[in-house]
Number of protein chains: 2
Amino acid sequence: MTVTAALRTGELAERAGVNVETLRFYERQGLLPVPPRRTSGYREYPAEAVDLVRFIRRAQHLGFSLREIKELLNLRAVPRATCADVAGLAQRKIEDVDAKIRDLRAVRSALAELVNECPRAAPLAQCPIIESLSREPIPKRDHRPKRKS
Amino acid sequence: MTVTAALRTGELAERAGVNVETLRFYERQGLLPVPPRRTSGYREYPAEAVDLVRFIRRAQHLGFSLREIKELLNLRAVPRATCADVAGLAQRKIEDVDAKIRDLRAVRSALAELVNECPRAAPLAQCPIIESLSREPIPKRDHRPKRKS
DNA sequence: CTTGACTCCGTACTATGGTACGGAGTGGAT
DNA sequence: ATCCACTCCGTACCATAGTACGGAGTCAAG
């Protein structure tokens with residue numbers, strides 16, 4: 001069987017759709033295993049590296065940070081790791097996403113309310129949007145003196 | 001009428017609920033107007049500064065970046081600016097938020113599908129989550145075998 | 001053998017939104 | 001008068017996710 005030709009940084013970068021510098025960056029971050037080198041120092045990536053880099057990018061698009069992706073990848077090194085471990089991480093991420101969606105919905109309705117209240121013609125000084133954003137927060141707790149009272 | 005006592009950085013920071021350093025940072029960023037100083041060099045903030053800083057924080061929570069907040073605040077200096085200008089910015093922000101929500105929903109269903117497919121007991125090597133994230137880009141609906149470039 | 005593209009490296013820089021540090025000067029309560 | 005929290009300043013640093021730079025070395029085609 002033929003050993004698949006090794007890839008150089010430029011080739012891997014192109015196939016995976018990233019920048020060459022990004023590969024070095026991922027390597028420094030421990031996301032991409034350090035590949036063997038030619039005597040010249042050139043990196044020689046195995047063909048699977050393409051999948052790995054793609055994996056990283058996909059996971060990023062799903063909202064995983066590089067740190068989390070590393071966690072996901074490190075799971076491969078755990079002998080008894082199962083698919084369920086991965087599913088667990090994904091499930092946690094779903095919860096994160098749900099929370100973000102909820103937050104954004106709250107933000108959206110706050111914004112919509114402001115826009116709705118806006119009597120477009122009013123001069124800025126009376127703009128209820130500006131005004132309502134500047135009001136006091138809900139509670140005004142005790143203020144323990146630091147120096148003066 | 002009494003001139004309201006001027007605030008020092010620490011007081012403003014406490015009332016507005018931010019860090020003293022953050023005030024300096026906002027000042028450097030042009031978000032907070034440069035306040036008058038005592039002869040000692042101490043900043044003397046007018047009481048309104050509290051509202052201003054609160055405004056900044058609120059707007060941040062609504063998803064405005066400091067740059068956008070600056071834009072919002074600069075509007076005050078435009079003589080003919082109206083509430084409608086502010087509403088316009090808010091409306092744009094609503095659209096941004098809607099787009100983010102849509103993206104997150106797509107991400108969520110992609111994640112949910114992965115988790116659903118997962119036969120929890122499978123060893124990692126056959127994990128369909130890992131597998132599917134590593135596959136080639138988009139359904140290359142073009143069946144031509146990818147030739148070396 | 002020359003040329004031009006590619007790769008190497010360390011370092012610095014981008015943007016975002018702050019925090020932290022350290023030494024010097026200030027102010028007000030005791 | 002002393003004490004010490006408070007404030008000043010410039011600068012450096014944090015995390016995140018890269019991008020850019022520049023000089024040196026390498027590879028392969030012509």
Side-chain angles (χ1 to χ4, degrees), chain A residues 5-32 34-45 49 53-73 93 96 100 143-149, chain B residues 5-32 34-45 49 52-73 93 96 100 148-149:
Chain A
L7 301 168
R8 283 184 304 173
T9 51
E11 292 165 334
L12 173 55
E14 203 201 342
R15 295 194 194 185
V18 302
N19 194 307
V20 171
E21 303 294 332
T22 303
L23 294 178
R24 288 214 312 132
F25 174 70
Y26 287 167
E27 186 178 317
R28 282 201 300 280
Q29 299 304 305
L31 284 157
L32 209 48
V34 177
R37 307 286 191 114
R38 292 191 179 195
T39 46
S40 66
Y42 281 27
R43 288 170 180 80
E44 295 202 293
Y45 290 103
V53 178
R54 273 182 198 147
F55 174 87
I56 295 168
R57 300 253 103 183
R58 296 282 180 88
Q60 271 191 300
H61 285 301
L62 292 186
F64 289 90
S65 68
L66 294 186
R67 176 187 298 270
E68 291 166 331
I69 294 169
K70 197 171 162 183
E71 204 181 333
L72 230 31
L73 293 172
K93 186 52 62 180
D96 287 355
K100 267 183 207 149
H143 77 101
R144 306 205 24 228
K146 297 192 147 165
R147 183 164 60 195
K148 76 169 213 178
S149 73
Chain B
L7 302 169
R8 284 186 301 177
T9 50
E11 293 164 335
L12 173 54
E14 202 201 344
R15 295 194 194 186
V18 302
N19 194 307
V20 171
E21 305 292 331
T22 303
L23 295 178
R24 290 211 314 131
F25 173 71
Y26 287 168
E27 186 178 317
R28 283 201 300 279
Q29 300 301 306
L31 284 157
L32 210 48
V34 177
R37 306 283 191 117
R38 290 191 179 195
T39 46
S40 64
Y42 280 27
R43 290 170 179 80
E44 294 202 293
Y45 291 104
L52 182 51
V53 177
R54 274 181 197 150
F55 174 88
I56 294 168
R57 300 253 102 181
R58 296 282 181 90
Q60 271 190 301
H61 284 300
L62 292 185
F64 289 90
S65 67
L66 294 186
R67 175 187 298 271
E68 291 166 331
I69 294 168
K70 196 171 163 184
E71 204 182 331
L72 231 30
L73 293 171
K93 188 50 62 180
D96 287 355
K100 267 181 208 149
K148 61 160 194 168
S149 39

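Convention: sequence-line order gives letters A, B, ...; per-chain numbering from 1.
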- Quick one: Arg57(A) CZ to dA17(D) P, roughly how many Å, whole number? 10 Å
- Task: Report the distance from atom CG of Leu12(B) to atom C1' of dC6(D), rounded to the nearest whole Å.
- Result: 15 Å
- Query: Where do Glu27(A) and Tyr45(A) come nearest, in terms of heavy atoms and distance?
  - Reply: OE1-OH, 3.5 Å
- Between Arg43(B) (CZ) and dG27(C) (P), how many Å, whole number? 14 Å
- Starting at the 5' end of DNA chain C and moving along, which residue's nearest nucleotide shows up first, Arg38(B) or Arg67(B)? Arg67(B)
- Answer yes or no: does a side-chain N or O of Thr9(A) lie under 4.0 Å from OP1 or OP2 of dC8(C)? yes
- Item | Between dA15(C) (P) and Lys70(B) (NZ): distance, integer Å | 13 Å
- Message: Any non-hydrogen side-chain atom of Leu66(B) less than 4.5 Å from a side-chain atom of Tyr26(B)?
- Response: yes
- Spell out yes or no: do the side chain of Tyr42(A) and the base of dC27(D) have one donor N/O and one acceptor N/O closer than 3.5 Å? no
- base_contact_polar (dG10(D) base, Arg28(B) side chain, donor-acceptor, <3.5 Å): no
- d(NE2, His61(A); C1', dA17(D)) in whole Å: 13 Å
- Item | 5′-ward residue of the pair Ser65(A)/Glu21(B) relative to DNA chain D | Glu21(B)
- Message: For a quick test of reading the model, state the closest non-hydrogen atom pair linking Ile56(B) to Ile69(B) and the distance between them.
- Response: O-CD1, 3.4 Å
- Correct closest heavy-atom pair for Arg54(B) and Arg15(B) would be NH2-O, 3.4 Å
- Message: If you compare every side-chain N and O of Gln60(A) against the phosphate oxygens of dG18(D) (OP1, OP2), does one of them come in below 4.0 Å?
- Response: yes
- Query: When all nucleic acid strands are considered with a 4.0 Å heavy-atom cut-off, which category describes Arg24(B): base, sugar-phosphate, or nothing?
  - Reply: base
- Between CD of Glu68(B) and C1' of dT16(C) the distance, given in whole Å, is 12 Å
- Task: Whole angstrom is fine here: how far is it from CG in Leu32(A) over to C1' in dA17(D)?
- Result: 15 Å
- Task: Remember a base hit wins even if backbone is also touched, and classify Gln29(A) as base, sugar-phosphate or nothing at under 4.0 Å, heavy atoms.
- Result: nothing
- Message: Assuming nearest nucleotide by heavy-atom distance, tell me which of Phe64(A) and Ser40(A) is located more 5' along DNA chain D.
- Response: Phe64(A)
- Item | Length of the line joining Arg8(A):CZ and dT26(D):P, which is rounded to integer Å | 14 Å
- Message: With heavy-atom distances below 4.5 Å as the criterion, would you say the side chains of Leu52(B) and Leu73(B) are in contact?
- Response: yes
